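Quick notes on the structure that follows.
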Amino acid sequence: MKVLVINCGSSSLKYQLIDSDTEDVLAKGLVERIGIEGSVLTHRPAGKDKVVIETPMEDHNIAVKLVIDALVDKNHGVISDLSEIDAVGHRVVHGGEKFDKAVLIDKGVKKDIEELSALAPLHNPANLIGINACEKNMPGVPQAAVFDTAFHQTMPKRAYMYGLPYEYYEKYKVRRYGFHGTSHDYVSARAAELIGKDRKELRIVVCHLGNGASISAVKNGKCVDTSMGLTPLEGLIMGTRSGDLDPAILAYIGEKEGLSAAEVNTVLNKKSGILGLSGGVSSDFRDIAAAIDAGNEKAKTALETYNYRVAKYIASYAVAMQGIDVIAFTAGVGENNYDVRSAVCDHLAFMGVKVDKEKFKTHGEEVIASTKDSSITVMVVPTNEELAIARQTIALL
Ligand code: ADP
């Protein structure tokens with residue numbers, strides 16, 4: 001069967017067409033600047049050259065239509081007819097408390113996703129636009145919603161409640177939800193597979209370190225804690241997001257700088273993290289490494305603060321799971337950045353974590369890097385959220 005996986009943003013749309021039998025990616029691509037001047041589709045069919053199509057795209061309907069045209073095109077297409085697409089799997093960011101697993105989309109599900117927009121105002125409306133555009137262009141094809149929050153719905157209450165007046169939870173559903181759930185699920189399952197053990201018998205910490213970064217404690221196959229919260233701002237230091245801080249800082253900075261609550265929120269989401277801490281060098285770890293090599297002290301501080309925070313979270317999940325069997329690194333930084341991984345493991349040496357530094361120096365490969373006498377198995381497991389979405393979509397049919 002063939003599944004089209006869609007990850008729709010407010011002005012962008014990422015897609016992959018996956019053959020679920022072989023799990024091969026037949027084609028993937030990205031539409032950028034939808035609804036703005038300079039719309040462009042970059043289509044990458046497997047085994048063929050990429051195609052860049054620059055044409056005005058007023059809305060997501062037109063973008064989806066162009067993606068379908070590219071998939072069935074005589075020259076750069078990978079299928080001969082639209083009817084070969086058996087299902088569409090959509091990444092949906094917020095499923096709230098309503099969704100603890102992927103679901104087939106119907107009117108009711110769409111209404112729920114819309115209502116949950118209050119908790120994810122930047123993401124859920126865009127996801128819904130993508131769903132509607134696919135429904136319009138592919139009538140009758142089953143569509144599934146795979147939620148970023150769903151895997152974390154197994155957290156115990158003590159892990160998801162904040163120390164706030166209880167009425168805010170009752171009235172506004174203010175609680176920890178967690179994100180990147182599809183990745184945490186996929187990586188923890190794959191980590192267990194790689195060591196030939198049942199995930200149900202393991203205590204796994206997954207460190208998803210990308211532009212956005214989150215960490216989770218997966219005990220016996222279920223998430224028991226995670227670092228992101230009501231929104232994807234909490235927890236680790238990220239590319240441009242602050243992660244954890246003293247909540248009183250918001251009012252303090254707002255007053256000092258004359259910023260509204262919304263403006264402070266923008267600073268915390270867009271101008272903080274590695275970018276902010278490094279004094280504006282970059283949110284990209286490759287630029288940070290280059291700046292450190294050139295003697296930039298702020299860049300060094302940024303990286304050290306980042307690594308320390310990751311290590312502290314990992315150690316705290318020993319409490320969440322009463323021990324740790326596996327630590328798995330994933331996503332852009334986790335898969336590619338040896339310096340971050342090794343510094344994090346150095347912080348954990350007191351727990352008996354030992355890695356073979358040569359084995360650990362990989363880029364984007366699956367590797368078990370801990371030594372035989374390490375107390376915890378340390379590995380790198382590249383994530384594959386699109387494949388996970390395709391698998392969950394097929395499972396629903
Ligand atoms: P997103 O959250 O956007 O999906 P990714 O998981 O792709 O992010 O991670 C992007 C980050 O990964 C980049 O900002 C960069 O810092 C880091 N990264 C990617 N490739 C490398 C590399 N070869 N070496 C070091 N860091 C890398």
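Not measured: the values here are computed from a predicted model. Order of listing sets the numbers, starting from 1, for every ligand and every atom in it.
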Solution key, residues 390-397 side-chain donor-acceptor pairs under 3.5 Å, sequence neighbours excluded:
{"unit_1": "Arg391", "atom_1": "NE", "unit_2": "Glu23", "atom_2": "OE2", "d": "2.8"}
{"unit_1": "Arg391", "atom_1": "NH2", "unit_2": "Glu23", "atom_2": "OE1", "d": "2.9"}
{"unit_1": "Thr393", "atom_1": "OG1", "unit_2": "Ile389", "atom_2": "O", "d": "2.7"}

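Protein heavy atom nearest atom 13 (C) of ligand 1, with residue, atom name and distance: Asp284 OD2, 3.7 Å. Nearest protein heavy-atom contact of atom 18 (N) of ligand 1 is Gly332 O, 3.6 Å. For atom 22 (C) of ligand 1, the closest non-hydrogen atom of the protein is Asn336 CB, 3.3 Å.
The shortest N or O to N or O distance between Phe285 and ligand 1 is below 3.5 Å. Considering backbone and side-chain atoms together, Ala331 places no N or O closer than 3.5 Å to any N or O of ligand 1.
Closest heavy-atom approach to atom 2 (O) of ligand 1 among the candidates Val333, Asn7, Ile274, Asn211: Asn211. With distances taken over non-hydrogen atoms, the option nearest atom 26 (N) of ligand 1 out of His363, Arg286, Met238 is Arg286.
Salt bridge annotation for Lys2-Asp86: absent, with no cationic side-chain nitrogen under 4.0 angstrom from a carboxylate oxygen. Using a 4.0 Å cut-off between charged side-chain N and carboxylate O, Glu97 and Arg175 make a salt bridge. Between Arg199 and Asp185 there is a salt bridge, with a side-chain nitrogen of the basic residue lying less than 4.0 Å from a carboxylate oxygen of the acidic one. The existence of a salt bridge linking Arg286 and Asp284 is confirmed by a sub-4.0 Å separation between a basic side-chain nitrogen and an acidic carboxylate oxygen.
Near Gly212, the atoms of ligand 1 lying under 4.0 angstrom from a non-hydrogen atom of the residue are 2 (O).
Contact annotation: the side chain of Thr330 approaches that of Glu335 to within less than 4.5 Å [non-hydrogen atoms, C-beta and beyond].
Protein heavy atoms are absent from the space less than 4.0 angstrom from atom 4 (O) of ligand 1.
Ring centroids of His347 and Tyr308 are separated by less than 6.0 Å, placing the two rings close together.
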